[in-house]
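Remember, it's a predicted structure, so these values are computed and weren't measured experimentally.
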Amino acid sequence: MELSIKKTGILLLLLMGLTLLLANDYQVRIDKLKVKARISYIKEDYPEYCSRMLEISEIFQTYGVMDSSLVYGQTVFDLATEKELPEIKAQALNFMGSYYNYTGDMTLALEYFNESLQFGRQAGDSLFVSILYENIGKTYKDLSDYDLSIKYLLDAQGIRERNPEYPPRPAIYISLATVYSRVGDNNRTLSYLEQAEKILEANDIPLDFQQASLYNELGNYYAGLGDLNKAESFYHRVIYVSRELGWKLGLSTGFSNLADVYSQKRQPNRALEIHLQSLELDRSMDNIYGMIKDYIFIAEIFEQLDEFALATTYADSAYAIATEKQMATEIATTLSTLSRIDYDSRNYKKAYEHFYEYVAYKDSLENIEYKKYLSELTEKYQLESKELVISNQNAEKKLLRQRYLFLLAAFIVSMLIVIVIMILTHQNWLKNINQKLVLRQKLFRVQMNPHFIFNTMGAIQHYIHDNKSQLAIEYLGEYAQLMRLILVSSDSEVISLEQELAIVRMNLLLESLRFPDKFAYSIEIPDDLPAEDIFIPPMILQPLVENCIQHGFDQIGYKGRIVIRVTLDGKELEMTVTDNGTGLKSNNIFKKSHALEILNERLVTLKKLKKVDTELSIGSNTPNGTIIKIRIADFEKLLPEII
C-alpha cells in the first residue's frame, strides 16, 4: 500500500488540534453551568439545579464524553428520587436511555426510555411522550426492528401534528427516511427528507444538528442512486456544519460516508486516510455503530489493495464488537465482508463458513413479504394513531442487566483499590495540612468575638447604672439580634456578603446607640451587585469597623465618620473602610492593632487554604483618618463544593 506516513501524521495532528479546540469550547460552557448549579443548590432550588446538571449531561453527550454524561444524569436521577421530583426523574431516565443507545446497549436503553414513558403518560405530558416515542423509534431502528421503529416515529409525528403549539421535529422525518432507505423504499425516503428540509428552511436556522443529519441522509439517498458527485457534495456539507457546531459524532459520520464515496470512485488511498480520521473520532467517543462501520470500510479498502491480512484484522474487529453487542444487522454485514475477503485470498474453507453464517443471519432479518408488510403498517398508523402498551421486560433481560452492573461494579472496585494504594500517603499528608489550617482559622474567629461582647455588655451596664432603662432595653434587643446573626454564621466557613453587611450594620447601630454623638456612618454598595450570591469568610469587616471606633475616634475633637464601600470588578471583590479619625501614627500598625493583626493572618490563611488571591492594605485618608482595603480575587472559589 502506497500511503504517505507524513501526510497521515499531519491529518491526525490536525484532527487532534480540532478535538482540543472543541474540548476547550465546551469546557467553558460546562464551567459556567457548574457555577450556576452551585448557586442553585446553595439556595435549595433543586429543580433549577437539576436543570443545569442535565444541560451539562447533554453537552457531554454532544461532544462524545459519554461516561461524564452518565455520571451527571445519574446524579440528577438520585437527587430527584431523594427529593421526590418525578418530572425531573423522568428527564434523567431519558438522558440515561440516550447514553445506552449511544454506547450500543439497546436493551438498557429501551428499559430506561419505557420507564420514563410511563411517567409521561401518567402526567398527560404529550410533548414529553412525543420525545420518548422518537427516542424509542430510533432505538428500534438501530435494532433493525423496522416495523416497531416506524410505528413509534409515526406516533411521535402524530402528536406534534395534533398539537400546533408544539414545534415540528425534522429529526423525526429524517429517522423515517433512514428506515425506508434501508428497506429500499426510495419514494418515501425522498418524501420525508423533503419535509424535513422544508421545516428547517421555514425556521430559518443557519446551522443546526438536525441540518447536518438531513445533509447526511440526502448524501446517503444520492449515493444509493449512484449519483456520487451529489452525495460527495452533501457529505462535505455534513462535515462543514458539524465542524462549525463542534459536533464530533456528525463529523465522524461525514468523514466515514465521504470516504465511502472516494472508495466507490476508485480512490482507495484517499478513502483510507479519511476513514482513519473517522475511526479515531469514533474511538474517542466510544461510538459503537461508527466504529463497526469504519472497520468494515477500512477492511474493504485493504481488500481492494490486496492487503488481505490487514483486511481480515479490521473485519474481525467489527465482527467482535457487533457480536458482543448482539447487533444482528452488523453481524450479517461483517460475515459477508469476511466471506468475500477469504474468497479473494483463496481461503475457500473460511469463505464457506462465513458465508453459511451470513445466510443464517440474513434469513432471520428478511422475508419475502417484508416490504409489503411495512407498507401496510405505515398506511394503518397514518390513519389511526394509538399508543402501544409496552410489556414488562422478561427475566432474561433483567438478568443481563444484573450481570452488566456486577461486572461494572467489580471493575470500579478494582480501579479504586489501585488508586487508593497509589495516593494514600499523599492524601494523608494533605489532610493533615488542611486540618491544621482550618483549625487555625476557626481559632482566629473565636478570638475576635469576646472583645466585642465585652464592650457591648459594658454599654448595657452603663445605661442600667444611669437609670436609662429604655435605652438599655433597646440596646439589649439590638445586641440579641446581632448575636443571632453571629451565631448563625459561626459554623460556616463562608457566608454571603449580604449576611456580612447585615452584621456590620447591626454593629454600627449598637455603637451609635452607645456613643450617640461620636460618629456617623454610611454603607455604599451598587444596586446591581449580587450580594446574596457572593461568599466571603465571616466577620471580616466587623474588626475594621471596631478598629475605627475604638482607636480612630478615641482622641478627636470633632464628629467622626465611617464610610464602607463595596465594589465588584469582574471576579475581583474590593471592600473599603474609610474614617476621618486620628490616622496612622506608626509604620507597624499591625502590631498596635490586635484586630488588624488577626484579620491579616486570616487572609493569609485563606490564601493558603483556598488558593484565593487576597490583600489587606492600609493607607492615610486626606486630610485626616485611615483607608483600609480588602481585596479578594476569584471569590467564586469560596462557593461550597456540592458537585
Side-chain angles (χ1 to χ4, degrees), residues 23 25-105 107-120 123 125 128 131-132 135 139 248-249 284-287 401-402 404-416 419-420 423 427 493-494 533 535 636-643:
D25 177 64
Y26 83 77
Q27 192 59 55
V28 170
R29 294 167 58 193
I30 288 173
D31 289 342
K32 291 180 179 179
L33 287 170
K34 281 184 177 180
V35 172
K36 294 179 180 179
R38 290 176 185 173
I39 294 173
S40 299
Y41 192 91
I42 292 170
K43 294 180 177 180
E44 298 185 354
D45 187 355
Y46 298 119
E48 176 66 13
Y49 168 76
C50 290
S51 177
R52 300 300 184 187
M53 295 287 277
L54 287 177
E55 284 186 61
I56 296 173
S57 179
E58 187 174 19
I59 291 173
F60 276 127
Q61 280 195 18
T62 300
Y63 287 91
V65 189
M66 301 308 297
D67 290 339
S68 296
S69 173
L70 179 62
V71 169
Y72 279 82
Q74 187 68 52
T75 299
V76 173
F77 175 81
D78 293 340
L79 182 62
T81 302
E82 176 188 347
K83 302 297 182 182
E84 298 182 355
L85 303 170
E87 182 177 354
I88 294 174
K89 181 179 176 181
Q91 294 174 13
L93 286 168
N94 182 36
F95 268 90
M96 289 190 286
S98 299
Y99 166 82
Y100 286 111
N101 175 281
Y102 190 98
T103 55
D105 195 334
T107 301
L108 273 177
L110 285 175
E111 187 170 331
Y112 280 114
F113 285 146
N114 286 326
E115 188 175 349
S116 181
L117 179 60
Q118 290 178 8
F119 165 82
D125 188 346
F128 188 66
I131 294 171
L132 266 300
N135 290 338
T139 304
K248 291 173 68 176
L249 178 60
S284 71
M285 297 182 292
D286 197 24
N287 179 9
R401 182 186 179 190
Q402 290 174 356
Y404 171 81
L405 293 175
F406 174 78
L407 292 174
L408 181 61
F411 174 76
I412 293 174
V413 170
S414 300
M415 292 302 297
L416 286 175
I419 293 172
V420 168
I423 68 172
Q427 186 180 18
E493 288 298 322
V494 293
D533 293 334
F535 290 83
E636 291 181 350
K637 294 180 180 179
L638 298 179
L639 281 172
E641 290 293 335
I642 58 155
I643 300 179

task = Over all heavy atoms of both residues, which pair between Phe95 and Glu58 is shortest? Give the atoms and the distance, please.
result = CE2-CB, 3.6 Å
Lys89 vs Phe119 side-chain heavy atoms within contact, under 4.5 Å = no
remark   = Checking Leu33, Asp31, Thr75, Val71 against Ile56 for side-chain contact (heavy atoms from CB on, under 4.5 Å), the one that qualifies is Leu33
message = Is the distance from the ring center of Tyr41 to that of Tyr46 below 6.0 Å?
response = yes
query = Nearest heavy-atom pair of Leu132 and Phe113: which atoms, and what distance?
reply = CD1-O, 3.2 Å
Over 12 non-hydrogen atoms of neighbours within 6.0 angstrom of NZ in Lys32 = no
message = With heavy-atom distances below 4.5 Å as the criterion, would you say the side chains of Lys43 and Asp533 are in contact?
response = yes
key: Asn94 and Ser116: side chain donor to acceptor below 3.5 Å   = no
query = Do the non-hydrogen side-chain atoms of Asp105 and Tyr99 ever get within less than 4.5 Å of each other?
reply = no
key: Worked check of side-chain contact (heavy atoms from CB on, under 4.5 Å) between Ile39 and Tyr49   = CA-CA 8 Å; Ile39 294 173; Tyr49 168 76; over 6 Å; no
Check: Gln74/Asp78 side-chain N/O donor and acceptor closer than 3.5 Å = yes
query = Do you know which two heavy atoms are closest between Gly120 and Phe128, and how far apart they sit?
reply = CA-CD2, 4.0 Å
request  = State the CG-OG1 distance between Leu108 and Thr139, to the nearest 0.5 angstrom.
outcome  = 11.5 Å
inquiry  = Which heavy atom of Met53 sits nearest to which heavy atom of Tyr72, and what is that distance?
reply    = CE-CD2, 3.5 Å
key: Gap separating the CD atom of Glu115 from the CG atom of Leu110, nearest 0.5 angstrom   = 13.0 Å
task = Can you see which heavy atom on Cys50 is nearest to which on Ile88, and at what distance?
result = CB-CG2, 3.6 Å
message = Using modelled atom types and a 3.5 Å cut-off, is there a donor and acceptor pairing between side-chain atoms of Asn101 and backbone atoms of Gly97?
response = no
request  = Give, for atom CZ of Arg38 and atom OG of Ser40, the distance between the pair rounded to the nearest 0.5 Å.
outcome  = 12.0 Å
request  = Can you see which heavy atom on Arg52 is nearest to which on Ala37, and at what distance?
outcome  = CB-CB, 3.9 Å
query = Can you tell me how far the CG atom of Asp125 sits from the CG atom of Leu117, to the nearest 0.5 Å?
reply = 11.0 Å
query = Less than 4.5 Å apart, any side-chain heavy atom of Gln91 and any of Val76?
reply = no
